[in-house]
Amino acid sequence: KSMTFEACAAAYIASHKDGWRNAKHGAQWDSTLRAYAFPAFGDVPAADIDVAMVLKAVEPIWTQKPETAARVRGRIEAVLDWAAARGFRTGDNPARWRGLLQNLLPARSKVRRVTHHPALPYARMGEFMAALRGQAGIAARALEFAILTAARTSEATGADWDEFDLGAATWTIPGERIKAGKEHRVPLSAPAMAIVRAMAGAREGEFVFPGGRRGRPLSNMAMAAVLKRMGRGEITVHGFRSTFRDWAAERTNYPREVAEMALAHAVGDKVEAAYRRGDLFEKRRRIMADWARHCARIEKAEGGNVLTLAKSARA
């Protein structure tokens, strides 16, 4: 009956980790609780935790870090529910939002307006990619590859050679490395294939984009560092996915679901998903080839004439 909250949290994480998508998720649980909940009541028996203690953990960060605070609250609630189910506490859950904390704290949507990852306008992609190709180093090539494939940062940096079929120009990312938890096939355009082949010529270990430490992939911050070196610190790596989505919607006639699947997003409801068993792979191959061609064009400021880099070089 005197099991502490910290002990309950450790037991909760241990009992659920096999059902989570990857080990990183469990590490995030532990780190957020250790940073915010444990200092407030980690050594207090789960049976004695009340609303005041929960507020002591989340109220100081509720307006400064609303997303983090909401995750911490939800994780405290889950741990205390586990403790109640195991018989370590009784009564209402003091971390419950509905009907309890919602009367004491402002709604997260009212605290801070959602901000999107800063993205480069798609009309500026050609000049940006030309500058990026002038950057040396593995991180620059990883960023170029991530842009051409519309991949997330961790998907690109964690790419290993076993995921590639160079003959079929296909990159298959396993479900445990995808946010949606489902295997994702990526058709590789000619420029993306050129990057992979160049990295294969200097292959070191299992990762396509190896990091500074042997046997480790490129750091998640390495591509952001490339942007800073280029003087483009105002945009983010993830923002290029938004750039791709805007381009697909405004400059192409591809159906919405083709662009969404290219981004490894879930498409439609369960009924629609049941009828659409395929992944629109051949259509996605065409859209990625068109995206690569767009990234190789430099447009004038007024968005009128288009000049390809290859023709410019010959001229």
Side-chain angles (χ1 to χ4, degrees), residues 4-86 88-89 91-119 152-155 176-182 220-221 224 236-239 241-242 245 263-266 269:
T4 66
F5 178 83
E6 185 171 351
C8 288
Y12 177 93
I13 293 170
S15 64
H16 286 79
K17 64 181 182 181
D18 290 338
W20 286 333
R21 190 166 57 248
N22 51 48
K24 183 179 179 181
H25 189 67
Q28 290 173 340
W29 264 73
D30 182 72
S31 64
T32 53
L33 291 175
R34 193 170 297 280
Y36 302 107
F38 294 172
F41 49 78
D43 58 351
V44 175
D48 297 337
I49 295 173
D50 57 20
V51 173
M53 294 181 188
V54 175
L55 286 175
K56 184 179 179 181
V58 301
E59 198 167 23
I61 59 171
W62 194 258
T63 57
Q64 297 175 350
K65 303 177 181 179
E67 291 188 12
T68 300
R71 290 193 187 99
V72 172
R73 185 212 60 77
R75 289 167 183 174
I76 294 172
E77 181 181 18
V79 171
L80 292 179
D81 277 344
W82 178 92
R86 289 286 185 174
F88 297 124
R89 66 169 286 120
D92 288 342
N93 191 321
R96 189 180 76 248
W97 175 255
R98 189 177 298 277
L100 184 59
L101 293 186
Q102 71 175 150
N103 298 315
L104 302 173
L105 296 168
R108 190 180 64 171
S109 60
K110 300 291 180 64
V111 171
R112 180 175 297 178
R113 185 172 297 175
V114 175
T115 57
H116 299 285
H117 292 277
R152 296 179 177 88
T153 298
S154 61
E155 294 164 3
E176 59 266 25
R177 294 211 309 109
I178 291 289
K179 187 174 182 180
K182 182 181 178 182
N220 275 358
M221 297 305 297
T236 65
V237 177
H238 195 87
R241 286 167 54 83
S242 297
R245 189 65 186 86
L263 292 166
H265 286 166
D269 57 20

Quiz item: Does Ala11 have any side-chain contact (heavy atoms from CB on, under 4.5 Å) partners at least two apart in sequence or in another chain, and if so, which?
Solution: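 Counting only residues at least two positions away or on another chain, Ala11 forms a side-chain contact (heavy atoms from CB on, under 4.5 Å) with Met3, Trp82.
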Self-check item: Contacts of Ala69 that satisfy side-chain contact (heavy atoms from CB on, under 4.5 Å) - sequence neighbours left out
Solution: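 Counting only residues at least two positions away or on another chain, Ala69 forms a side-chain contact (heavy atoms from CB on, under 4.5 Å) with Ile61, Trp62.
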Quiz item: To the nearest 0.5 Å, how far apart are CZ in Arg152 and CZ in Arg241?
Solution: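 Here the rounded value is 4.0 Å.
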Quiz prompt | Point-to-point distance, once rounded to the nearest 0.5 Å, from CZ of Arg71 to CD of Glu67 | solution =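 Reported value, rounded in 0.5 Å steps: 5.5 Å.
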For [X] and [Y], work out which heavy atoms get closest and say how close.
X: Ala119; Y: Gly239; answer: CB-O, 3.1 Å
X: Cys8; Y: Ala83; answer: SG-CB, 4.0 Å
X: Ala9; Y: Leu33; answer: CB-CD1, 3.9 Å
X: Met53; Y: Ile49; answer: SD-CA, 3.7 Å
X: Ser154; Y: Asn220; answer: CA-OD1, 4.0 Å
X: Leu100; Y: Asn93; answer: CD2-O, 3.4 Å

Quiz item: Parallel, tilted or perpendicular: which describes the rings of Phe38 and Phe5, with under 30° parallel and over 60° perpendicular?
Solution: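 Because their plane-to-plane angle is over 60°, the rings of Phe38 and Phe5 count as perpendicular.
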Quiz prompt | Residue pairs passing the salt bridge (charged side-chain N to carboxylate O under 4.0 Å, His left out) test where at least one lies in residues 92-101, sequence neighbours excluded | solution =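 Applying salt bridge (charged side-chain N to carboxylate O under 4.0 Å, His left out) to every pair that reaches into residues 92-101, excluding sequence neighbours, yields nothing.
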Quiz prompt | Summary of salt bridge (charged side-chain N to carboxylate O under 4.0 Å, His left out) pairs that have at least one residue in residues 31-41, sequence neighbours excluded | solution =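 Qualifying pairs: Glu6-Arg34, Asp30-Arg34.
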Self-check item: Qualifying residues under side chain to side chain donor-acceptor pair (under 3.5 Å), relative to Asp50, sequence neighbours excluded
Solution: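 Testing Asp50 for side chain to side chain donor-acceptor pair (under 3.5 Å), a comparison that skips the adjacent residues, returns none.
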Tell me, do [X] and [Y] make a side-chain contact under 4.5 Å, heavy atoms counted?
X: Lys65; Y: Tyr36; value: yes
X: Phe41; Y: Lys56; value: no
X: Leu105; Y: Val58; value: yes

Quiz item: Stepwise, does the side-chain contact (heavy atoms from CB on, under 4.5 Å) test hold for Leu101 with Leu55?
Solution: CA-CA 9 Å; Leu101 293 186; Leu55 286 175; 4.1 Å; yes
Exercise. Go through the structure and list residues passing salt bridge (Lys or Arg N to Asp or Glu O under 4.0 Å) with Arg86, not counting sequence neighbours.
Key: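 Applying salt bridge (Lys or Arg N to Asp or Glu O under 4.0 Å) to Arg86 gives none.
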Self-check item: Short side-chain to backbone donor-acceptor contact, Arg89 and Leu80, under 3.5 Å
Solution: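 No, because the side chain of Arg89 does not come within donor-acceptor range (under 3.5 Å) of the backbone of Leu80.
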Quiz item: For His265 and Arg245, does a side-chain donor sit closer than 3.5 Å to a side-chain acceptor?
Solution: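 Absent: no donor and acceptor within the cut-off.
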